[in-house]
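Everything below concerns the one structure shown next.
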Amino acid sequence: MAAAAVGKRVLDTGWLAARSTEVALTGVQLTTTQPPAADPEPAAPWMSAAVPGTVLGTLLKNKLIPDPFYGLNNQAIVDIADAGREYYTFWFFTTFQCAPSGNQHVTLNFHGINYSAEMYLNGLKEVLPKGMFRRHNIDITDILHPDGNNLLAVLVHPPDHPGRIPPQGGQGGDHEIGKDVATQYVEGWDWICPIRDRNTGIWVEVSISITGPVNIMDPHLVSTFHDDFKRSYLHCTLQLENRSSWIADCTLKIQVSTELEGNICLVEHLQSYAITIPPQSDVEYTIPPLFFYKPNLWWPNGMGKQSLYNVEISVDVKGFGESDSWSHYFGFRKIESTIDDSTGGRIFKLNGEPIFIRGGNWILSDGLLRLTKKRYMTDIKFHADMNFNMLRCWGGGLAERPDFYHFCDVYGLMVWQEFWITGDVDGRGIPVSNPNGPLDHDLFLLCARDTVKLLRNHASLALWVGGNEQVPPVDINKALKSDLKLHPMFASSQASDSQEKHLSEEATDPSKYLDGTRVYVQGSMWDGFANGKGDFTDGPYEIQYPESFFKDSFYKYGFNPEVGSVGVPVAETIRATMPPEGWSIPIFRKRIDGYIEEVPNPIWDYHKFIPYSKPGKVHDQIELYGHPKDLDDFCEKVAQLVNYAQYRALLEGWTSFMWTKFTGVLIWKTQNPWTGLRGQFYDHLHDQTAGFYGCRCAAEPIHVQLNLASYFIEVVNTTADELADVAVEISVWDLDGTSPYYKVTEKIVIPPKKVKQIMEMKYPKMKDAKPVYFLLLKLFRLSDNRILSRNFYWLHLPGKDYKLLEQYQQKKIPLKIYSEILVSGTKHQLRMIVENKSTKSVAESIHPASGIDLGDVSGSHSTGKETTHDGNESGSLWRKIHSSLGVARTSDNLRTLEVDGTDSGIAFFLHFSVHTSGSSTAEEKYNDTRILPVHYSDNYFSLAPGEQTSIDISFEAAPGSSPRVVLRGWNHHLDHAVMI
C-alpha cells in the first residue's frame, strides 16, 4: 500500500452504533477479532450511525424513535433520568485505511465528545477525559495496523449529571447539568423541550492528520495598526512539535494572499525562516511581523466589505519535505470595546468607527446537533440578510464551531461568545443550585482555554463573556480575566501613534498572548450591559404595543442584551411539524377587564407558544385585525402582520435613540433549534416569518422611519459618511385607493452616525383622516432620484383598529409580474419584478418608484395573461449573473404574468414562496411542498398604485423537482405561480 499523503482526512462515513448494554463484546474484541459487520446491512444491535451527531440523531436516523420535534413525540421518548445513563451510553465503530511511511506520524482527532469516552484502536485503549468543549488529539502512529486496515471503536458516556426534569419544567430542569462542563439547554428551558439524551455523542467531526516529523499546533494571528490604519503588521506565534528522535532542520514558510476579481489571487507575502527543533520536543516560534500598507479591512455587515486574506503556513523538514501545513482566512481589523460615558452602555468600535449594535441572541442551529456547513451558511446568511451586525452565543448553548465562525467572517456578523454559565443553573434559579458552578473548575478552564485557541483567529469574534445573567465562580472568573487580559496595544483606545510605536517595539508580541485582542466581560448584565451591575434588567420577553418601543420610559439602560417577543411561523410550518390536532388556533377568552387571554392547544403549549396579548398590559394584537377564522387566517394574514410590525418597531424604536440613549440591542432570540413557537425570525425548517423582513427593513444602514410615539418622520444614518442632497417623499393612501396626503421635503443633510428628525406626519390630525390608512416613506437622492430607503406602514387612528382591512381583502388589484430564471445544476436564481398596475390617484412622484432594468429578463408562468417582450438590451445584472454561472438554462425572452383586477389601491402584504410541483393536502400526513431554504432579497411587501419592485430569489432544488414560485397577498388569495 502506498504511503498516505500529508494532510487531514475526515472520518464521517461508515460509522455504526449500538447501545452498550446490548453489546457483550469488549472494546478489544470489537477492534481485533470480532468487529461488527456492516455489509450488506449491520446486524442488530448495530445500526448506521450519525457521526458527527448524537445518540438521538442516530436513533432517529434508524427510525427507532419518532421525530422528537414533531407534535408531542418528544413525550414518547425515554428520558435519561428515567432510563439511567447506561441507556444512552453507546458504542460507535468504524474502519479506516491508513498506512504511513517510516517518517510519517498520524494523529487521531476528536474535536468534540459529549461527555467522556474510551477509545479502542486495533485492540489498544485510550481514555478520552470528560468535557464537551475540548479537543482530543491522540498519536496513533504506533497503533496503526501494518496492512493499513484499522478498526476504531469509541464507547461514549453521557454527562455525569444529566439531571431530572421537574413536572413543571423550568429553566434547565433541576439544574444538575450545571455540575458538568456541557451545554445546559438540554434539560429544557422556557423555549425548548428537554433533549432526552442530553446531546450524548461524538458531536463534532473525527479526523486523522498525517504529518511528517514536525507538526504545527494552534497558530495565533493578530493584526496591529498604525498611522490611521495606513500601516499594518500581521503577527503570528505557533507551536512546532518534533515527534522524531533526531534533530529536525526546518524551513517554516508563510504565505498571505488575497483574492481579486475574476478569481485571481494576489500574493502579498511569501517568507521563509530556518528553525532547528531538538528531538522529542516542541518549541514556540514567533514569526517576525509582516508589514502591509493599507490592507483591505474587514468590516461588520452594513459598514463595508468583509475582506479576508488566506494565511497559509507550512513547515518543511530537511530530508523529508513538507511535514505539515495549516491555513486560515484572516481579516485585518481592530476591535475596541469600552463603556460609553454618556449612555452607560457598552460601545464597540471597528477600525476606529463606532458600531451601533443591532443583532440577536443565538442558541444553536439544531437541538440534535446536526450541524452542517450548509445549514450554518444558511443560518448566518439569514442574519446578514436581516441587516444584523452581531450574534450573541448564549451561555447555555454551545461554544460555537469554526464553521459557524467562518460564515460569520464571510457575512460580517460580529460574535459575542459566552462560556458555559447561566444564572438559572449556576447560582440563581429556583431552587438555587450549583452556587459554585461546575464541580471541576480545572476542567472548565481547560475547555475555555482550548475554545479560545480554536476560535481566536476569526475576525468576527468580538468579545468573550463569562456567563449568561451570572458571573463564573470567583476562581474561574479571576483566571479568565488573567488569561484574556488585553495586550498593551489593545488595552487603550486612546493610545497615540508614538505610544503604539513604543509598544510595538518593546512589548511582548501580541500573538504570544492567549488572545489579548478582545475584551472579556464577566457576565451578560455587567460592565455596560443592562444596568451593568448584574441585576435582572434585561427583557421584556412578550408582545408590546409597537409605539411603546419609541418611548423613553420603555428601557432605561444603554445596551439591552435580551429583549424578545412573539414568533408564530407560517401555517405550512405548523402543518408540517404537528398532527391535525395541533392545527387548531388558540381560544380567545375575554376577561372581565376587557383583555383577551389566548389559550393554545396542548401541542402549541408544549412548543412554547407566546401569546399575542398580555392581559393587564397589552390588548390582543391579533384581534386588532378581527377574529381569525382558521389556521391560515391566524398565521398567514394576521400573525405575520403583527410579527412584521412588532419587530420593525422594536428595532426602529431602539435606533431612534441611537447614541443619545442606547449603544445597542440584541433580540431574544432570532431562531429556534427545534420547532418552537416563540422568539424567532425563521423556523427550524428555515422558512422566514414576516418579522424577518420587518427587521431587514428597520436595520438598514440608511433608513427612513416613522416614530410611532411622536409621529415625526426620522432619517437614520448609521454610516461614517454624511448623507447630503437627499429628501423624503411622504404619501398616505386610504382603502379606497386615493392619496389624501402627499408631500416632498426640502433638501436635507444627515450627519454621519446620527438620527435626524425631519417633520411631523400630520395626516392623523386632519379633519377627514380615515380610521385605517397606509403610509409610504421614500428617502431619495435629489441628484439622480435614486431611492436609498423605502418604508411602508399600515396604521390606524388613535382608539381605532385594523378591522376595516378585512373588507380590503376583497379588493382586486391588478398586478404584472416579470420573471427571469437562471438554472445551473441544482442552483436556481430568479428575479421577480412585481408592478401594481392600478391607476394612481395622486400626482406622479417626482422620481421613479424603482430603477429596475427590464432588459434581458425572461421567465415562464402557469396562469394569467401573457405578453412577450424582446430581451436584447445589454448591460443588465442578470446577464452578468448568467455569465458567472457558466452553463445555465434560461429562456430567450422576457415574459410577464398579468393578474386581473379592476380596483385601484395598495397591493398589500405580498409574499413569495417556492414549492415543488406536488400538491398540499389536509390529510393526516401533510404533504409540505415548500422548497427550503430560500433566500429572498425582500418579502412581505406592499406596492402603491404604479409602483414596482424587484425581488431576487435563490435556492437549490433537486433535478426534476419542477419548482413553482408562488405569490400570495392580503388581497391576492389565489396562488399566482411561475413555473421553472
Side-chain angles (χ1 to χ4, degrees), residues 356 545-552 554 645 648-662 694 697-719 721-734 738-798 800 840-849 906 942 944 947:
F356 187 69
Y545 293 123
E547 61 270 21
S548 296
F549 295 111
F550 294 85
K551 295 178 179 178
D552 186 67
F554 184 74
R648 175 176 59 181
L650 189 160
L651 285 179
E652 287 184 340
W654 242 270
T655 306
S656 183
F657 293 99
M658 180 178 72
W659 304 128
T660 60
K661 183 178 181 182
F662 299 137
C697 171
E700 294 174 307
I702 296 172
H703 182 62
V704 61
Q705 65 185 38
L706 178 69
N707 185 310
L708 295 177
S710 67
Y711 266 60
F712 271 78
I713 293 166
E714 301 169 338
V715 174
V716 177
N717 180 12
T718 68
T719 74
D721 299 318
E722 180 182 80
L723 192 58
D725 191 38
V726 296
V728 177
E729 179 188 80
I730 307 151
S731 58
V732 169
W733 297 84
D734 60 28
T738 61
S739 179
Y741 182 92
Y742 179 83
K743 184 175 179 61
V744 178
T745 68
E746 300 294 326
K747 181 171 71 172
I748 54 178
V749 176
I750 299 92
K753 303 185 187 302
K754 294 289 184 182
V755 178
K756 186 170 185 176
Q757 195 175 84
I758 304 302
M759 61 171 289
E760 184 180 3
M761 203 282 287
K762 296 183 178 180
Y763 175 75
K765 297 180 178 179
M766 293 174 59
K767 181 179 178 181
D768 298 325
K770 299 295 178 68
V772 177
Y773 61 97
F774 304 111
L775 172 67
L776 177 59
L777 303 177
K778 294 179 184 178
L779 175 69
F780 67 98
R781 196 180 302 280
L782 287 165
S783 60
D784 58 6
N785 290 334
R786 179 189 168 201
I787 295 177
L788 304 178
S789 175
R790 178 188 180 278
N791 204 347
F792 181 89
Y793 296 84
W794 52 101
L795 300 165
H796 62 74
L797 296 180
K800 303 297 182 180
K840 288 189 178 184
S841 298
V842 67
E844 290 290 329
S845 301
I846 62 169
H847 59 289
I906 299 291
S942 302
E947 259 200 316

**OP:** Check for a donor-acceptor pair, side chain of Asp725 on one end and backbone N or O of Ser783 on the other, with a separation under 3.5 Å.
**Re:** yes

Original post:
Just how far is it from atom CG of Leu723 to atom CD1 of Ile702, taken to the nearest 0.5 Å?
Top reply: 5.0 Å

Original post:
Can you tell if the side chain of Tyr711 reaches within under 4.5 Å of the side chain of Pro764, non-hydrogen atoms only?
Top reply: yes

**OP:** Search all heavy atoms of Phe792 against all heavy atoms of Ile906 and return the closest pair with its distance.
**Re:** CZ-CG2, 3.6 Å

**OP:** Check for a donor-acceptor pair, side chain of Thr738 on one end and backbone N or O of Pro740 on the other, with a separation under 3.5 Å.
**Re:** no

Original post:
Is the number of heavy atoms from other residues, nucleotides or ligands under 6.0 Å of Lys754 NZ greater than 12?
Top reply: no

Subject >> Taking every non-hydrogen atom, the tightest pair across Tyr793 and Arg648 >> reply: CD2-NH2, 3.1 Å

Subject >> Reported NZ-to-OG1 distance for the pair Lys753 and Thr718, which is rounded to 0.5 angstrom >> reply: 6.5 Å

**OP:** With sequence neighbours left out, write down each residue that passes salt bridge (charged side-chain N to carboxylate O under 4.0 Å, His left out) with Asp552, or none if nothing qualifies.
**Re:** Lys661

Original post:
To the nearest 0.5 Å, how far apart are CD in Glu760 and CG in Leu706?
Top reply: 10.0 Å

Original post:
Do Val726 and Val715 come close enough that some side-chain heavy atom pair is under 4.5 Å?
Top reply: no

Original post:
Going by heavy atoms in the side chains, are Met759 and Ile730 under 4.5 Å from each other?
Top reply: yes

Original post:
Ignoring hydrogens and geometry, is there a side-chain-to-backbone donor-acceptor pair from Ser789 to Leu779 under 3.5 Å?
Top reply: no

Original post:
Looking only at heavy atoms, which two atoms of Leu797 and Ala769 are closest? And how far apart?
Top reply: CD1-O, 3.7 Å

Original post:
Is Asn791 close to Glu700 at the side-chain level, that is, under 4.5 Å between some pair of heavy atoms?
Top reply: no

Original post:
How many angstroms lie between CG in Leu650 and OG1 in Thr655, if you round to the nearest 0.5 Å?
Top reply: 9.0 Å

**OP:** Measure the CE-CZ distance between Met658 and Phe356 for me, rounded to the nearest 0.5 Å.
**Re:** 6.5 Å

Original post:
Out of curiosity, His703 NE2 to Leu788 CG, how far, rounded to the nearest 0.5 Å?
Top reply: 12.5 Å

**OP:** Measure the shortest side-chain to side-chain distance between Gln705 and Phe550 over non-hydrogen atoms and say whether it is less than 4.5 angstrom.
**Re:** yes

Original post:
Which heavy atom of Ala649 sits nearest a heavy atom of Leu708, and at what distance?
Top reply: CB-CD1, 4.1 Å

Subject >> Shortest non-hydrogen contact between Glu947 and Ser942, atoms and distance >> reply: OE1-O, 4.1 Å

Subject >> Minimum side-chain heavy-atom gap Glu722-Pro752 below 4.5 Å >> reply: yes

**OP:** Identify, with sequence neighbours excluded, every residue that meets ring pair (Phe, Tyr, Trp, His ring centres under 6.0 Å) alongside Phe549.
**Re:** Phe554

Original post:
Taking everything shown except Lys756 itself, do over 12 heavy atoms lie less than 6.0 Å from its NZ?
Top reply: yes

Original post:
Below 4.5 Å, heavy atoms only, C-beta onward: do Ser656 and Glu714 meet side chain to side chain?
Top reply: yes

**OP:** Grab the two heavy atoms, one from Arg790 and one from Cys697, that are nearest each other, plus how far apart they are.
**Re:** O-SG, 4.3 Å

Subject >> Reference residue Tyr773; test ring pair (Phe, Tyr, Trp, His ring centres under 6.0 Å); the match among Tyr741, Trp733, Tyr763 >> reply: Tyr763

**OP:** For residues Val732 and Leu795, determine if any side-chain heavy atom of one lies less than 4.5 Å from a side-chain heavy atom of the other.
**Re:** no

